[in-house]
There are 2 protein chains.
Amino acid sequence: MTEREPRAARRGRPRQAEVARLAGVSQTTVSLVLGGNKQGIVIQEATRARVLEAARTLGYVPDPAARRLAAARNNLLGVFSFTATFPTAVEHSYYRFLVGVEQEAAARGYDLVLFTGSSSGGAGAGAPGALDRVRLADGCLLLGRHVPTEPLRRLVADGFPLVSIGRREEPEGLAWVGADYATASAEVVGHLAGLGHRGVLLVREDDDAPASADRQRGFVEGLAAAGLPAPDGTVVRTARPAAEIDAAWVRARYAEGVTAFVAEETDTGDAWRALTSAVAGAGLRVPDEVSLALLGSPSADLSGQPEPTGFDIPRAELGATAVRLLTDLLADPLAEGERPSAGLVSCGFRPGVTVAPPPRRAAP
Amino acid sequence: MTEREPRAARRGRPRQAEVARLAGVSQTTVSLVLGGNKQGIVIQEATRARVLEAARTLGYVPDPAARRLAAARNNLLGVFSFTATFPTAVEHSYYRFLVGVEQEAAARGYDLVLFTGSSSGGAGAGAPGALDRVRLADGCLLLGRHVPTEPLRRLVADGFPLVSIGRREEPEGLAWVGADYATASAEVVGHLAGLGHRGVLLVREDDDAPASADRQRGFVEGLAAAGLPAPDGTVVRTARPAAEIDAAWVRARYAEGVTAFVAEETDTGDAWRALTSAVAGAGLRVPDEVSLALLGSPSADLSGQPEPTGFDIPRAELGATAVRLLTDLLADPLAEGERPSAGLVSCGFRPGVTVAPPPRRAAP
DNA sequence: CGCATCAGCTAATGCGTATTAGTCGGAAGG
DNA sequence: CCTTCCGACTAATACGCATTAGCTGATGCG
């Protein structure tokens, strides 16, 4: 046989040892120069320069796995999605987070590793241990609605730096960033009240997501803050908006003095859709006769319609915030038992064109 | 000081060694049972069971970093994009590639590392060595029209597995996958000719990307195949379509007997935009009086407009094909001097609504 | 002048796993 | 009865890097 090469025939990918040989120093010195050298060991400028030069010539890049194993940093941030990150369906919104994540990570000198949790086959799938791949990175962002709590709990318990994008209660001790739906919703209500609306109503779907609950809470608080009444029926919760929110219903509410309808944004956008068509069906003009507001961003298929008043979820900013939180965690890991911080990012008010002062008319 | 623990305070996380101790076997045996055991070494069923049991009790989870270090491969595919920011926004045409890339990579058990010309560990875009960071992955996909050849040449020379998405001539020996623009363009011309058009013209931007060249070649070949003349001026190449392609120009061409205008799709979409507005400005109706075709997919901001006739670039499929090519390369590296393979993926014809038979009128 | 000090390196290890050479007791074969 | 072979493991080592002990020659100091 031939001269046995160092296993996988040195396919490019130079090692520190090769850099060392070229620079005429030891591997240790190379590590010292190129790595952190936290120990503050003194290296002569000339030597240092030679090493850097050699590294450049060879195009040396540290092996993340080796670095990681040697208990050091990778400069890699993981992004684990429980569904495909680049969804085929464009309406799916995860990619919006990613733009913020990407920018912020780049700005901080981190590269991103995409771990795809879902989909078929390979290392993916719900295969046990799928989530554990993220240990290759220094820390990881979590993206997606449905998350297997158990494996997560393990990572959290081990003190692996994790930040969830989107509020998450479940694994105790998990850091997260989320949009401040409550404040934003209250703000929308405040805006309506400021214009003179006295009868304001919320239509929400039958869904227990924290995001929905937060919106409702904000809505109610907004009413209270504006000194508006919140009689029974102020929050309408329905599983089938299309069926229950119709022209007759709108007319009835209008007759009772309701001049503004607020809908929550959901995956489907059904609440808003039902509301707009019901109002149109009732022959009421928007915003001259009734005002409409949407607690969230309109879904993509509504792009032709007049822009709803409401708020926008700053997804990119959320992504960026998550990266900041994560890198902070990396720089300064939690002490034993310390509660992780969480971040609420505020949503921007979107003026839109579906809200105006209420019509003047006889008091009901 | 306290009893010095094995460095990073045994954060729970059991090792194979601990499993081994509990099961009363060696670490090797544990690795054999829990790992792949590709070598087909025989282990007694009883032993195997004991190991599995021990692993379960301790909650053993393999360390991916160690695993990858030992296997001399990271299961990471890089995606390097030569754009300012990583094309994570759907609006960006590259996004479509990513959906295919992600799917195929996941299916093959690879994770993705995202590199941007500008990220790269803070090294900055054109910074020498920015591209070297991709060496951290097992292989890398290249995305973008204009690519700095020099740094690439290095990687290619080192035998680092690379696949370009989009045809690329430049660094000799670079593998690529590309859309078959030539055939698709010829097909569009054939379609026009079949409807009776005799005067057909191509508007392209002033750009030397292979993608542009391929389209022009296909266009010219299409004319030849249909037996149509290709006098001087049949291919209009302009750096400023908006300025040079105007109503007067269109009228003049129309007077000369041109009944169909073909534009190439580019990053900017300028050629097509200029063409449509010039035709509109000339008062010519599409497709009754003139036919328009677009060699590519309309950019997202044109989604309101009537659908252009032309062809679609199967971006997701291209991405997937690129991943396949790359993983093949990984499994079976090129021998010294061997030419890499390349793959052409065919584009689908898109009927659209901007093409019709030419109007009947007196011969010019 | 002898010895501690220090600057500037290098040799040796460890991280957790996969792989490659064994090792060892017994069954088969001559 | 002595090899050979085989089944079932284990010891040793490599992977690439960071870190921790040195180690060496020059300088300082009393």
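Below, all heavy atoms of this structure are taken into account, side chains as well, without hydrogens, waters or symmetry copies.
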Novice: Enumerate the residue pairs fulfilling salt bridge (Lys or Arg N to Asp or Glu O under 4.0 Å) with a member in residues 52-62 of chain B, sequence neighbours excluded, ordered by first and then second residue.
Specialist: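 As it turns out, the salt bridge (Lys or Arg N to Asp or Glu O under 4.0 Å) pairs with a partner in residues 52-62 of chain B, which skip direct neighbours, are B:Glu53-B:Arg56.
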Novice: Report the distance from atom OH of B:Tyr60 to atom P of C:dT17, rounded to the nearest whole Å.
Specialist: 3 Å
Novice: Rounding to a whole Å, what distance do you find between B:Asn37:CG and C:dT17:P?
Specialist: 16 Å
Novice: Before accepting this row, confirm whether a basic side-chain N of the pair A:Arg324/A:Asp328 lies closer than 4.0 Å to the acidic partner's carboxylate O.
Specialist: no
Novice: Within this structure, what is the CZ-to-P distance between A:Arg13 and D:dC15, rounded to whole angstrom?
Specialist: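 These atoms are roughly 13 Å apart.
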Novice: Whole Å only: how far is the CG atom of B:Leu69 from the P atom of D:dC17?
Specialist: 9 Å
Novice: Output the rounded distance in Å from CG (B:Asp138) to C1' (D:dC15).
Specialist: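 It works out to 14 Å between those atoms.
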Novice: Within this structure, what is the CD-to-P distance between A:Gln16 and C:dA11, rounded to whole angstrom?
Specialist: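 Value for this atom pair: 15 Å.
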Novice: Tell me, for nucleotides 4-10 of chain D in 5' to 3' order, what letter each nucleotide earns: B for a base near a protein heavy atom under 4.0 Å, S for only sugar-phosphate near one, - for neither?
Specialist: ----SBB
Novice: For the side chain of A:Arg153 and the backbone of A:Pro171, is there at least one donor-acceptor N/O pair under 3.5 Å apart?
Specialist: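 Judged by distance alone, no pair lies under 3.5 Å.
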Novice: OP1 or OP2 of D:dC17 less than 4.0 angstrom from a side-chain nitrogen or oxygen of A:Arg68, does that happen here?
Specialist: no
Novice: Carefully, step by step, assess B:Glu104 and B:Arg108 under the rule salt bridge (charged side-chain N to carboxylate O under 4.0 Å, His left out).
Specialist: CA-CA 6 Å; B:Glu104 191 67 22; B:Arg108 300 189 165 232; 2.9 Å; yes
Novice: Which distance, rounded to the nearest 0.5 Å, do you find between the CG of B:Leu98 and the CG of B:Leu112?
Specialist: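 B:Leu98 atom CG to B:Leu112 atom CG measures 8.0 Å (nearest 0.5 Å).
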Novice: Do you see a donor-acceptor pair shorter than 3.5 Å between the side chains of A:Thr29 and A:Ser26?
Specialist: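 The answer is yes; a qualifying pair exists.
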Novice: Which whole-number value in Å describes the distance from A:Lys38 NZ to D:dT20 C1'?
Specialist: 17 Å
Novice: Between D:dC15 atom P and B:Asn74 atom CG, what is the distance in whole Å?
Specialist: 15 Å
